[in-house]
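Data first, discussion second: the structure below is written as structure tokens.
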Number of protein chains: 2
Amino acid sequence: MSPARRNRTSGGEPNSGKAVRLKDVAAHLGLSPTTVSLVMNRSPAAKGIPPETQDRVRAAAAELGYRPNFIARSLRRQRTFAVGVLLPEISEGYAAGVLGGIEDQLLREGYFYLVAGHHSKPDLFDDYLQLLTERSVEGLILVNSPIEQALALPAVAVAGHREIAGVTNVVINHEMAARLALGHLAERGHRRIAFFKGHAHSADTESRWQAIVAASADLGLEIDPRLTLQLSGDAAGKEFSPEEGYREGHVFGRKLLETGARFTALFAFNDVSAIGAMRALTENGLRVPDDVSVVGFDDILSAAFQNPSLTTVRQPLHEMGRRAAAELLRKLSASGEDSPAAITIEPTLVVRNSTAPPRSDA
Amino acid sequence: MSPARRNRTSGGEPNSGKAVRLKDVAAHLGLSPTTVSLVMNRSPAAKGIPPETQDRVRAAAAELGYRPNFIARSLRRQRTFAVGVLLPEISEGYAAGVLGGIEDQLLREGYFYLVAGHHSKPDLFDDYLQLLTERSVEGLILVNSPIEQALALPAVAVAGHREIAGVTNVVINHEMAARLALGHLAERGHRRIAFFKGHAHSADTESRWQAIVAASADLGLEIDPRLTLQLSGDAAGKEFSPEEGYREGHVFGRKLLETGARFTALFAFNDVSAIGAMRALTENGLRVPDDVSVVGFDDILSAAFQNPSLTTVRQPLHEMGRRAAAELLRKLSASGEDSPAAITIEPTLVVRNSTAPPRSDA
DNA sequence: CTAGCATGCTAAAACGATTTAGTCCGCCCC
DNA sequence: GGGGCGGACTAAATCGTTTTAGCATGCTAG
């Protein structure tokens with residue numbers, strides 16, 4: 001039908017109208033494909049080929065516009081230079097941020113990646129894992145994705161749930177995060193601090209809470225159980241909806257007031273719940289930061305746009321993705337048998353306008 | 001070295017420890033690879049093979065855990081079932097939203113995609129285009145990416161700049177957007193409306209502005225040039241930084257006040273500039289929406305979290321991505337010679353708390 | 001009795017590279 | 001004069017499929 005369909009080549013015919021193959025370059029030069037391949041790949045075996053010939057080959061390749069076919073090369077070399085990325089949902093801020101870092105690193109190193117969003121459904125996760133494997137990805141990066149069994153491929157997890165043999169976890173330094181946030185508040189004179197704990201099934205909840213307990217002890221702060229609310233979330237998967245996080249923060253902000261217990265600051269589990277709580281507080285006549293200081297976690301984009309803008313612990317998502325990708329590539333290269341079980345990333349505190357010293361009469 | 005390296009197979013040897021190949025299944029059954037392939041692919045040519053044999057083949061494949069090698073298949077069939085996506089920066093909200101829709105559609109149809117972020121640098125764009133082509137993607141989706149020349153592959157653009165032969169553009173219905181926003185304001189009694197125009201080099205600026213002019217005429221609204229500010233942005237590439245958009249909105253909000261011209265509403269070019277402007281207005285003693293109503297564009301996540309929450313024209317990013325992907329797949333399938341030059345997507349108005357009737361004395 | 005035709009398969013050639021194991025030629029040197 | 005060697009290449013196998021073009025075999029019909 002179409003002109004491109006009209007190629008009845010067999011052996012090494014001219015093959016016009018289609019992409020130039022190695023064979024075409026070879027024929028053009030009156031050389032064998034082997035020679036051309038050797039030269040183009042700067043193979044060590046090409047040392048026997050005189051420089052003039054090498055130049056001729058490269059000139060011809062350039063002239064004809066030869067581009068090696070990656071698929072054929074992959075088949076032969078058993079390398080695809082591609083990795084798979086599994087995440088709950090690509091358009092969600094956390095994953096998108098991490099993915100940005102992953103991409104930077106991978107493209108820089110000549111790799112591409114295939115992404116699949118499993119929407120926190122275990123069977124979708126399994127399906128995509130299967131599909132990625134069939135596509136011969138060389139390794140996996142799991143973002144915010146729980147895994148149960150060991151994987152057949154080298155893998156790195158970002159915000160992974162549990163420890164799995166052979167999977168390196170990229171995690172935020174929760175101790176540092178807690179010290180930063182609580183230190184900031186304590187420095188300004190806050191003693192009665194309320195907390196939102198994360199959802200029970202979220203990866204970071206437990207370690208973050210332990211870090212908070214430890215940091216509080218260090219700073220001589222007491223944790224009042226009445227001021228400690230555990231975000232409930234809904235069924236799995238819903239935890240990633242910002243709207244819901246916001247609503248929850250709103251509800252829990254109100255709950256905090258209803259306890260009647262006094263507090264001058266709130267350290268929320270994440271920015272969206274912090275934002276919801278800020279709204280609840282102001283709606284109830286409290287001013288942020290004059291009456292209550294609020295610290296979030298993540299530094300999502302809207303944190304800076306709040307009124308007041310939100311002081312928060314920033315997770316360097318891009319950096320986390322970058323490190324995850326770098327570590328995976330290290331695992332893929334021959335050298336790395338000795339892969340660490342965890343890579344710790346340091347958070348930073350972004351001080352904005354939602355925190356201030358407590359009023360002297362508070 | 002490693003046990004996996006120890007496969008000196010030639011012909012059809014057992015091949016233990018490695019992935020099961022078609023050949024292995026065939027050998028296991030005492031049949032030829034041809035037969036197994038025909039059966040596994042439910043090829044029409046398999047009608048000559050009796051059902052019992054077919055069952056035997058499928059049973060053996062299942063038992064041995066046979067998974068076809070996608071690379072080999074791609075090479076032979078000259079199909080990769082992969083498309084390339086080019087965008088400025090993956091972690092940015094607009095692109096991430098669109099990408100979510102692209103993914104949904106592609107994975108549903110058995111495709112994967114390779115993404116590359118060119119950071120608005122033309123040479124990076126060209127490089128990645130080249131790399132994607134080498135990887136034999138079957139088509140391209142361009143998100144917010146200017147193209148100059150025609151492309152060698154079937155392509156669909158989302159928020160594409162100009163019209164290129166053969167490239168279908170997925171665009172928002174700007175007329176509808178203008179009618180929704182201005183109608184909403186006019187209905188509530190606003191007559192003096194200020195505007196932020198987009199950056200000169202942004203794709204949507206011109207068509208959106210024309211739509212605004214048309215809708216204003218229809219509604220009997222006059223456009224005051226003093227109240228029409230063109231966002232300047234910086235060099236190419238910077239237009240995508242939300243921080244800058246915000247800062248610009250902030251500056252321009254103040255400028256608007258300095259003109260001395262009276263206005264009761266502002267229709268911003270996007271949400272971030274609307275948010276910046278809201279901040280500037282409140283800082284100058286004006287209340288939103290009591291003194292000035294503000295309408296944004298995009299409905300980014302933080303729009304809902306503002307105080308007051310932002311009324312805005314929502315671009316259904318997910319839907320736009322989905323449609324783009326669907327159209328590309330249609331182009332790829334034999335049927336579609338008749339591809340439209342544009343696909344128009346309908347925006348919706350999300351009414352929140354940044355708009356209200358003007359004060360009667362305004 | 002045999003041409004013809006299903007039926008149930010298979011051999012072998014692609015796809016476009018990489019890589020192992022040579023080949024051929026000329027020259028040197030004893 | 002011939003063994004050895006280095007230089008410049010190349011033939012052919014291979015990666016794991018798909019697909020075209022047949023090949024036996026047995027039955028039926030004329």
Side-chain angles (χ1 to χ4, degrees), chain A residues 4-5 7-13 15 18-27 29-57 61 64 66-81 134-136, chain B residues 4-5 7-13 15 18-27 29-57 61 64 66-81 134-136:
Chain A
R5 218 73 208 77
N7 73 318
R8 297 254 112 268
T9 60
S10 96
E13 263 81 297
N15 166 299
K18 304 237 355 173
V20 179
R21 298 155 307 171
L22 190 63
K23 206 189 295 186
D24 300 322
V25 178
L29 287 164
L31 288 171
S32 75
T34 305
T35 305
V36 178
S37 173
L38 259 28
V39 171
M40 293 308 285
N41 293 305
R42 298 189 145 72
S43 151
K47 68 164 158 33
I49 297 167
E52 317 130 64
T53 307
Q54 302 214 13
D55 291 347
R56 274 205 308 142
V57 168
L64 299 181
Y66 168 65
R67 294 281 138 197
N69 179 315
F70 212 94
I71 308 283
R73 196 200 288 245
S74 294
L75 178 60
R76 176 61 233 229
R77 301 212 299 197
Q78 304 288 73
R79 300 280 323 260
T80 54
F81 293 92
E134 266 168 47
R135 294 238 178 187
S136 307
Chain B
R5 219 73 208 76
N7 70 318
R8 300 252 110 268
T9 59
S10 96
E13 264 81 296
N15 167 300
K18 305 236 355 172
V20 179
R21 298 155 307 172
L22 190 63
K23 206 190 293 189
D24 301 323
V25 178
L29 286 163
L31 288 172
S32 75
T34 305
T35 306
V36 178
S37 173
L38 260 26
V39 171
M40 292 309 284
N41 292 306
R42 299 190 144 71
S43 149
K47 68 165 159 31
I49 298 167
E52 317 129 63
T53 306
Q54 302 215 12
D55 291 346
R56 272 205 309 143
V57 168
L64 299 182
Y66 169 67
R67 295 279 138 198
N69 179 316
F70 212 94
I71 307 282
R73 195 199 288 245
S74 293
L75 179 59
R76 176 62 234 225
R77 302 211 299 195
Q78 304 287 77
R79 300 281 322 264
T80 55
F81 294 93
E134 266 168 46
R135 293 236 177 190
S136 306

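Per chain, numbering begins at 1; letters A, B, ... match sequence-line order.
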Using atom CD1 of A:I71 as one end and atom P of D:dG16 as the other, report the distance to the nearest whole Å.
-> 15 Å

Taking CZ from A:R135 and C1' from D:dT17, how many angstroms apart are they, rounded to a whole number?
-> 15 Å

Closest contact, heavy atoms only, A:Q78 versus A:L75 = OE1-O, 2.9 Å

What is the distance, rounded to the nearest whole Å, between atom CG of A:L75 and atom P of D:dT18?
-> 12 Å

Give A:R79 one of three labels, base, sugar-phosphate or nothing, depending on what nucleic acid heavy atoms sit under 4.0 Å from its own.
-> nothing

D:dT17, C:dT18, D:dT18: which one has an atom nearest the side-chain heavy atoms of A:N41?
-> C:dT18

Polar pairs (N or O, both sides) under 3.5 Å between protein and nucleotides 7-12 of chain D?
unit_1, atom_1, unit_2, atom_2, d
D:dA8, OP2, A:G48, O, 3.4
D:dC9, OP2, A:T53, OG1, 3.0
D:dT10, OP2, A:S32, N, 2.7
D:dT10, OP2, A:S32, OG, 3.0
D:dT10, OP2, A:T35, OG1, 2.8
D:dA11, N6, A:T34, OG1, 2.9
D:dA12, N6, A:T34, OG1, 3.4

Between CE of B:M40 and C1' of D:dG16 the distance, given in whole Å, is 14 Å

Looking only at heavy atoms, which two atoms of B:P33 and B:A26 are closest? And how far apart?
-> N-CB, 3.6 Å

Between B:V25 and B:Y66, which heavy-atom pair has the shortest distance, and what is it?
-> CG2-CB, 3.7 Å

Can you list the residues that meet the side chain to side chain contact (heavy atoms under 4.5 Å, CB included) rule with B:F70, with sequence neighbours excluded?
-> A:R135, B:S74, B:F81

Here the distance between atom P of C:dA14 and atom CG of B:L22, to the nearest Å, is 19 Å

Any side-chain donor near an acceptor of the partner, B:S37 and B:T34, under 3.5 Å = no

In whole angstrom, what separates B:F70's CZ from D:dT17's P?
-> 12 Å

Which of these, B:V57, B:L31, B:L38, sits in a side chain to side chain contact (heavy atoms under 4.5 Å, CB included) with B:I49?
-> B:L38

Rounding to a whole Å, what distance do you find between A:R21:CZ and C:dA14:P?
-> 11 Å

Is a donor-acceptor pair below 3.5 Å formed from side chain B:R76 to base D:dT18, judging by atom type as modelled?
-> yes

Short side-chain N/O contact to D:dG16 OP1/OP2 from A:Q78, under 4.0 Å | yes

Nearest-0.5 Å distance that lies between atom OG1 in B:T35 and atom CG in B:L22 | 9.5 Å

Steps toward side-chain contact (heavy atoms from CB on, under 4.5 Å) verdict (B:D55, B:E52) | CA-CA 5 Å; B:D55 291 346; B:E52 317 129 63; 5.6 Å; no

Global bending angle along the helix from C:dC1-D:dG30 to C:dC30-D:dG1, which compares the axes of five pairs at either end, to 10 degrees = 80°

Does A:R77 get its side chain close enough to the base of C:dT18, under 3.5 Å, for a donor-acceptor pair?
-> no

Between B:D24 (CG) and D:dG16 (P), how many Å, whole number?
-> 9 Å

Around B:R42, counting heavy atoms of other residues, nucleotides and ligands shown, do more than 12 lie under 6.0 Å from its CZ?
-> no

